[in-house]
Amino acid sequence: MGWEVSESCVDSLLTEMVSMYCNRLYANKPELAASRIDAIGYQVGHQLSERYTMERPRFTDHLDAIKFICKDFWSELFKKQIDNLKTNHRGTFVLQDNRFRWVSRMSLDPSENGDLSQENAEAAENKAAQEPNMHLHFSCGVIKGALHNLGIACAVSADPSHLPACSFVVRIKP
Amino acid sequence: MIVCVAVVGHQNNPLYIQSFTDADDSLKLRHIVHCSLDVVDERVNNPKKSGPTLNETFLGLLYPTENYKVYGYLTNTKVKFILVTTDLDVKDADVKNFFRRFHAAYVDAISNPFHEPGKKITSKTFAERVSTIVKSFGLSSTG
C-alpha cells in the first residue's frame, strides 16, 4: 500500500519552505534558517528510515547502513541510487549523486534580476548561491536523521560546487 | 489469547503498552515486559551459533513463565515489540505475521508529523489498529 505524490508538489513544497525560512522567518540570520531547515530534514529522515527498513533484516555494521542509504533509501526517495560511494575506511564516506533531483531544476545563473550595478550583482550572486545551499541543508538533515535512527551518530555536509552533481560527506562520530 | 503488547524504544523507554485482560494483571504484565527486555539484549549481544541468524528481526520465544509465553521482535531502528500471550500452541508463522502487521501500524503511527520521537504513542488510530490485529490473531490461531 502506498500513496503517491506528484514530484512537482514536493519541489514546490521544498522551495516554499526554504524561501519562508530564509526570507521571512530568519531573514537576516542564515545560520539559524539553515539549522531549522536541517532539523526539519532530520525529523523527515528519522521517520522515513523507520518505514524503509521495515522488511529488512538488521544491519551488521556501518558500511551496511551506508549502503542501505545509497541503494534502497535513495531509490525510494529519488528513484535512482547514489552514483558513487567513496570511503577512507576510517569513518568518512562520500556519497555522490551526479544529478541530484531536488536541485536539478533550480536555476544556477546568478544574473537574473534585470539591470544591476556591480555591488548588486555580487550580492545577488551570493544570494543566488545560497539558495541551493539551503536546499542541501534539508537533504543533509534527511541523511543525518536516517542514520541516527539506525544507531549511527554522524555529521553530514554537502558539497555544492558542481551542481547539479552533489556530494554528501558523512563523518561518523567515534 | 494475547494479553499484552508493548513497544519499547531504543533506550528501553516504553512507547506503548496495552493489555487486553482485567486491570489486576496489568502491573504483573508490565513487570514481565520489563524482564523480557533483558532477554532481548542478551539475544542480540550474544548470538547462539545454532540459533537464528544475527540479522533476523523476529527474535522468537524469549522465555516462558508460568502462564505466559513472551515473544520479541527487534526492528532495524532498535525498537522492540513484545508480545505476551497465554496460548499454549502458537505457531511461529502466526506470531511473525502478527509482528509484521504490528510493525506496519507502528510505522504509520510514527510517521505522523505531530508525533514526537521518543515520546509515547497517543494515536487513537494506532490503538484501534492494534486491537484489530490482536483480535484477528486470536481468530486465526484457533480457527
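Source: prediction; values computed, not measured. Every chain is numbered from 1 and lettered A, B, ... according to where its sequence line falls, protein lines coming before strand lines.
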Give the table of side-chain donor-acceptor pairs shorter than 3.5 Å for residues 68-78 of chain A, with sequence neighbours excluded, one pair per line with atom names and distance.
| unit_1 | atom_1 | unit_2 | atom_2 | d |
| --- | --- | --- | --- | --- |
| A/D72 | OD2 | A/R56 | NH1 | 2.7 |
| A/W74 | NE1 | A/D97 | OD2 | 2.8 |
| A/S75 | OG | A/K71 | O | 2.4 |

So A/T53 and B/T75, side-chain contact (heavy atoms from CB on, under 4.5 Å) or not? Walk me through it.
CA-CA 8 Å; A/T53 56; B/T75 70; 6.0 Å; no
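Other residues, nucleotides and ligands contribute over 12 non-hydrogen atoms within 6.0 Å of the NZ atom of A/K80.
Hydrophobic clustering keeps A/V94 apart from A/I152 (ILVMFWY residues linked when any side-chain heavy atoms are closer than 4.5 Å, directly or through intermediates). Follow the hydrophobic side-chain contacts under 4.5 Å out from A/Y42 and you never reach A/V10; the two are in separate clusters. Connection of A/V156 to A/I37 is established within a shared hydrophobic cluster, with ILVMFWY side chains joined at heavy-atom distances below 4.5 Å, either directly or through further cluster members.
The shortest heavy-atom contact between A/H46 and B/P117 is CE1-CB, 3.9 Å. Closest of all the heavy-atom pairs between B/I110 and A/Q47 is O-NE2, 3.0 Å. Among all heavy-atom pairs drawn from B/Y106 and A/E50, the shortest one is CE2-OE2, 3.4 Å.
Taking the side-chain contact (heavy atoms from CB on, under 4.5 Å) definition, one finds that A/T87 meets it with A/H89, A/F93, sequence neighbours left out.
Heavy atoms closer than 4.5 Å to chain A are found in the backbone of B/H115, but not in its side chain. Of the atoms belonging to A/Q43, it is side-chain heavy atoms, and not backbone ones, that fall under 4.5 Å from chain B.
Once rounded to the nearest 0.5 Å, the distance linking NE2 of B/H10 with CG of A/N149 reads 7.0 Å.
A 4.5 Å side-chain heavy-atom check between A/R51 and B/S111 finds at least one atom pair inside the cut-off.
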